[in-house]
There are 2 protein chains.
Amino acid sequence: MIQRLIQERLGDLPPGQAEVARFIAQNPQEAAFLTAAQIGLRVGVSESTVIRLAMALGYPGFPEMKAALAGQVKDQLSTLERLHRYDESSVEPSLLRRALREDMSNLSGALLSVDEEALEALASAIVQAKETYILGLRSAHSLAYYLWFYLSWFLPHVQLLERETIWERITQGTSETLFVGVSFPRYTRLTVEALEAARAKGLSTAAITDSSVSPLAAYAQIVLAIPSKPISFIDSFSAPMSVLNALILCVVEKCKDHAEERLEELEHIWRERKIYL
Amino acid sequence: MIQRLIQERLGDLPPGQAEVARFIAQNPQEAAFLTAAQIGLRVGVSESTVIRLAMALGYPGFPEMKAALAGQVKDQLSTLERLHRYDESSVEPSLLRRALREDMSNLSGALLSVDEEALEALASAIVQAKETYILGLRSAHSLAYYLWFYLSWFLPHVQLLERETIWERITQGTSETLFVGVSFPRYTRLTVEALEAARAKGLSTAAITDSSVSPLAAYAQIVLAIPSKPISFIDSFSAPMSVLNALILCVVEKCKDHAEERLEELEHIWRERKIYL
DNA sequence: ATGTAGTTGCATAATTTGCTGCATATATCC
DNA sequence: GGATATATGCAGCAAATTATGCAACTACAT
């Protein structure tokens, strides 16, 4: 595998060659069809540098490196074909393949069954609420956190609830407060109870869960149902993750003008505080 | 599509060229990487005949036909055919559909390019380490948390690092300590710096990131690269999520006997403490 | 049989692609 | 700040790949 080779030696490579190496590692399928000169053009270095990289990586010349890339791409093509053909019942698929395939089927399931109106409604509710609380516990905390993280870029009134603050927040809420519960099978009891309490106290409620008949749904005015078959004892969050992206983008869409300048502001402070590389 | 072109004209083609045409139509993925002479050799025909076929099919020359083949092959690789086909039918895809499709393509990309050896190696390293620290900040915190949450069911030595405890833990580590950094573009600076420091202090290091040439990879002994195209300003974690599932299952596989009784224990305490509904 | 049209392979020409020496630029070390 | 080492691009050269002219061959018709 050429990427491994590149990864190992990237540090010792001169800057120009390192650029080329990065391009090849990130776009092997593209690079496999290009000549040395064309790669050089893409990266912005001379043809010579590309050829010298091939040699620096230990190949006798550029054509040999290209052949190695071609071999890899051909391999990928054959596995792709196998995947496409009759569900290979004979071969034992690896753990990785099983997980990814399972999630692809979860995503296509979501494509068919997720209710776009509910998504829209939830996005609107989030934007319009005076306060929005997001609660997800145990594994669902990852989803709740993710949702909160991006929403809080644009909406300062969105808060992530922790175990410690659940009841204080709920008792402070009004009908203009939106409580979003996130939980998937096997539903965390506390999340359901919190949602129930929120509803009882007259807060607006929403649920992000696996079905419209989940225990959360009983106490939620808006239900975003994302079916998801578990793999082994884990119930995958791949599909929910994807739907959350749609939700975030939908929210951003609803405060577009505000969001754009907000992104610029953020960009500015990220640079200033050197948050990202 | 070149196969169609060949099919149409196969009847009018002289026998030698027809042979070549059949070969190309049946093995486009092979042919896309071969020179005219090599194709001639395979089919048992001279180089000239191959070139003449290209012209007979209406291309200005052989390179152009090869480029057409290459383009086709690249298309197959970039996304699953199915996704493409559905895409064409629906006119204006909604946000949700776009997000889900993008992620399906990310998953199929992962299916082709994720290095199973790296996955195995990382799982082994996690199980064997004396201490395992997982660090993911900002959006990647959701992934780090998720990974930690499940691993800690079986492996008490797995810890989730918070901003506050990074440096203390790193300075306490030995070569038997595994430091797992999780970061995706745009890479959080602190995560990269922590991984760098961990490596410098002699800890074992691993990275879960988007490519083998990501900034994290430079300081990681094991790199789990999960390519992922971003949607809008968000880079989706749907594919990484799925690969994490595979990683978790792989770890569980490696301590199978222990894991089973552990699950029973957990089941017991969950019931006792009424964690789930 | 003999001629004609069309196809093919070989040899060679033309073009493209890959490689290398040298001068310039850049970084590093003292 | 100067000297050494290294990296890069350019230009020219070598090698490969592609294109074509020509003669030989085949098939078919007269």
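Keep in mind that this is a model prediction, so the values were computed, not measured. Below, each value reflects all heavy atoms present in this structure, side chains not excepted, and no hydrogens, waters or symmetry copies. Here is the naming used below: chain letters follow the sequence lines, and residue numbers restart at 1 for every chain.
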What is the distance, to the nearest angstrom, from the CD atom on B/Glu47 to the C1' atom on D/dA19?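 Interatomic distance, CD of B/Glu47 to C1' of D/dA19: 9 Å.
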
I'd like to know whether B/Ile134 forms a side-chain contact (heavy atoms from CB on, under 4.5 Å) with B/Leu161, so could you lay out the CA-CA distance, the side-chain angles of the two residues, the decisive distance to 0.1 Å, and finally the verdict. CA-CA 6 Å; B/Ile134 301 176; B/Leu161 289 192; over 6 Å; no

Residue-level proximity of [range] to DNA chain D when a heavy atom falls under 4.0 Å:
range                     : value
residues 9-18 of chain A  : A/Pro14, A/Pro15, A/Gly16, A/Gln17
residues 21-43 of chain B : B/Thr35, B/Ala36
residues 49-62 of chain A : A/Thr49, A/Arg52

Assert yes or no for the condition that the ring centre distance of B/Tyr145 to A/Phe149 is strictly below 6.0 Å. no

Using the side chain to side chain donor-acceptor pair (under 3.5 Å) rule, collect all pairs that involve [range], keeping only residues at least two apart or in two chains.
range                       : value
residues 24-38 of chain B   : A/Glu81-B/Gln29, B/Glu30-B/Arg42, B/Thr35-B/Gln38
residues 56-73 of chain B   : none
residues 167-184 of chain B : B/Gln159-B/Arg169
residues 188-198 of chain B : B/Arg189-B/Glu193

Contacts of [X] that satisfy ring pair (Phe, Tyr, Trp, His ring centres under 6.0 Å) - sequence neighbours left out:
X        : result
B/Tyr187 : none
B/Tyr133 : none
B/Tyr146 : A/Phe237, B/Tyr150

Is there a donor-acceptor contact under 3.5 Å from the side chain of B/Ser242 to the main chain of A/Ser238?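 The answer is no, because no donor-acceptor pair under 3.5 Å joins these two groups.
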
Quick one: the side chain of A/Ser48 and the base of C/dC19, do they pair up donor-acceptor inside 3.5 Å?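 When only heavy-atom distances are counted, A/Ser48 does not reach the base of C/dC19 through any donor-acceptor pair under 3.5 Å.
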
Mind listing the closest non-hydrogen atom pair of A/Ala21 and A/Leu10 along with its distance?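 Looking at all heavy atoms of both residues, the closest pair is CB-CD1, 3.9 Å.
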
Write down the atom of A/Leu57, the atom of A/Arg9, and the distance for their closest heavy-atom approach.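 Closest pair (atom of A/Leu57, atom of A/Arg9, distance): O-NH1, 3.5 Å.
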
Can you list the residues that meet the salt bridge (charged side-chain N to carboxylate O under 4.0 Å, His left out) rule with A/Glu102, with sequence neighbours excluded?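 So A/Glu102 forms no salt bridge (charged side-chain N to carboxylate O under 4.0 Å, His left out) with any residue.
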
Near DNA chain C, which residues from residues 63-72 of chain A have a heavy atom under 4.0 Å away?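 Only A/Pro63 qualify.
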
